[in-house]
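Remember, it's 1-based here, ligands and their atoms both numbered in the order they're listed.
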Amino acid sequence: MGFKCGIIGLPNVGKSSLFNALLGLQKASSENYPFCTIEPNVGRVPIPDNRLRELSSINKSKNTIHGQIEFVDIAGLVKGASKGEGLGNQFLSNIREVDAIIHVVRCFEDKNISHVYNRIDPISDIEIIDSELILSDISRIEKMLEKMKKSLKSSKEEYQINFPTLNKVKSELEKGQTINKDILNEEELLVVKSAGLLSYKPIMYVANVDENSIEIGNNYSKLVEDFAKKKNISFVKISSKIEEELASFDDEKEKDTLMESLGILSSGIDTFITQGFKLLNLITFFTSGPKESKAWTIPSGSSAPDAAGTIHTDFKKGFIAAEVISYKDLINAGGDVKAKSMGMIKTQGKEYVIKDGDVILFRFNV
Ligand SMILES: Nc1nc2c(ncn2[C@@H]2O[C@H](COP(=O)(O)OP(=O)(O)OP(=O)(O)O)[C@@H](O)[C@H]2O)c(=O)[nH]1
Ligand SMILES: [Mg+2]
């Protein structure tokens, strides 16, 4: 299962630099001119997880396989993008395909790096992008409602729910607000989910700060942080340029020297990925044995058969039971064999909801 995060923002704010840092290599070309990224660049990044390393070592696994998140580096959006400005329609459709949005905001000063609107003003930058997402959703909903009007006459039952729901969401968006999930019931949420709306996607603001503000941030990043808090949106600060540089070194010593000169202890990229993982409301379960230890990524709330299905569809179809132990119990017991002999591995049925950190052996019939 691939979870996709799209990296968005105004042109030239450091999106490709962040993407490169994430990929640990200079895949996308990052240059000092707007619209340097035209086609979205896609890269998979392993999710760091110490539990997996421990499991692998206790069960003496030959291979250790991390979970992954897919990142997409999307081209810069400008004012009017929802009306096609600056290839906006194409870029907005790239965003439609992702599961979550990472919105990079320029929080650094540098006269050599141009800003499309010639000023450093992170909140106004955020509002430009947010309003383009909202406008794009409004026009999408208008088209859907138009189509539905015809079908409404034939009184198809599904339209009786879809039509008022989309109208309700539209009037919310027209107030300039992104979709507030609290005003929707379960049925309505499903309608919104399947409508492919951008302002419904989980979002995280990333303040891209200068190299001197990595630890404590700066006045710009503080503005973004407060703004995010008010809107109940996740926030993280990072220096894309430094992370890109750190990621480009093969030599650990060079990395350490740069970090030392900046007075930082570690790269911010691991924290960034962990935050992204939380944002998506994902959890991890493990399979572990002598052959391999592997981390699997599933949405929180998944049932045992759903989890089995991420390994193989046959596992779900023929699901009999899941033998489950928490990662902590398994480590405390000193491994698989001992945990079993101590009766710590529990057999769970179809109704079992997977918990983060479960180590599972599925039993199935094919
Ligand atoms: N001084 C400084 N420069 C940065 C920082 N982050 C990125 N840059 C520079 O800004 C320029 C643009 O960065 P990119 O990562 O290509 O920006 P982008 O958002 O992908 O731009 P488009 O793809 O054109 O929309 C590059 O020259 C980067 O080195 C930073 O934190 N400080
Ligand atoms: Mg770019």
**Request:** Would you mind listing which atoms of ligand 1 come within a distance below 4.0 Å of any non-hydrogen atom of Pro11?
**Result:** 25 (O)
**Asked** Between Asn12 and ligand 1, which residue portion shows a heavy-atom distance shorter than 4.0 Å: side chain, backbone, both, or neither?
**Response** both
**Request:** Between Ile238, Asn20, Asn208, flag the one that comes closest to atom 6 (N) of ligand 1 by a heavy atom.
**Result:** Asn208
**Item:** Ile233, Val224, Asp121 screened by side chain to side chain contact (heavy atoms under 4.5 Å, CB included) with Ile126, the one that passes
**Value:**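 One option only clears the test, and that one is Val224.
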Does [X] come within less than 4.0 Å of [Y], counting only side-chain N to carboxylate O?
X      : Y      : value
Arg51  : Asp49  : yes
Lys231 : Asp130 : yes
Lys170 : Glu174 : yes

Any N/O of [X] closer than 3.5 Å to an N/O of ligand 1?
X      : value
Lys15  : yes
Phe108 : no
Ile113 : no

Compile the donor-acceptor pairs under 3.5 Å between side chains in residues 358-366 and protein atoms, sequence neighbours left out, one pair per line.
from: Asp358; atom 1: OD2; to: Tyr352; atom 2: OH; distance (Å): 2.8
from: Asp358; atom 1: OD2; to: Lys355; atom 2: N; distance (Å): 2.9
from: Arg363; atom 1: NE; to: Glu323; atom 2: OE2; distance (Å): 2.7
from: Arg363; atom 1: NH2; to: Glu323; atom 2: OE2; distance (Å): 2.9

**Request:** Go through the steps for Glu292 and Ser61 under the test side-chain hydrogen bond (donor to acceptor under 3.5 Å, both in side chains), then give the verdict.
**Result:** CA-CA 5 Å; Glu292 65 176 32; Ser61 311; over 6 Å; no
**Message:** Any N/O/S atom, side chain or main chain, of Ser17 closer to the Mg ion (ligand 2) than 2.8 Å?
**Reply:**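 Checking the Mg ion (ligand 2) against Ser17, no N, O or S atom falls under 2.8 Å.
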**Message:** Can you tell me if Asn112 contacts ligand 1 (heavy atom of the residue under 4.0 Å from the ligand)?
**Reply:**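 The answer is no: ligand 1 sits nowhere under 4.0 Å from a heavy atom of Asn112.
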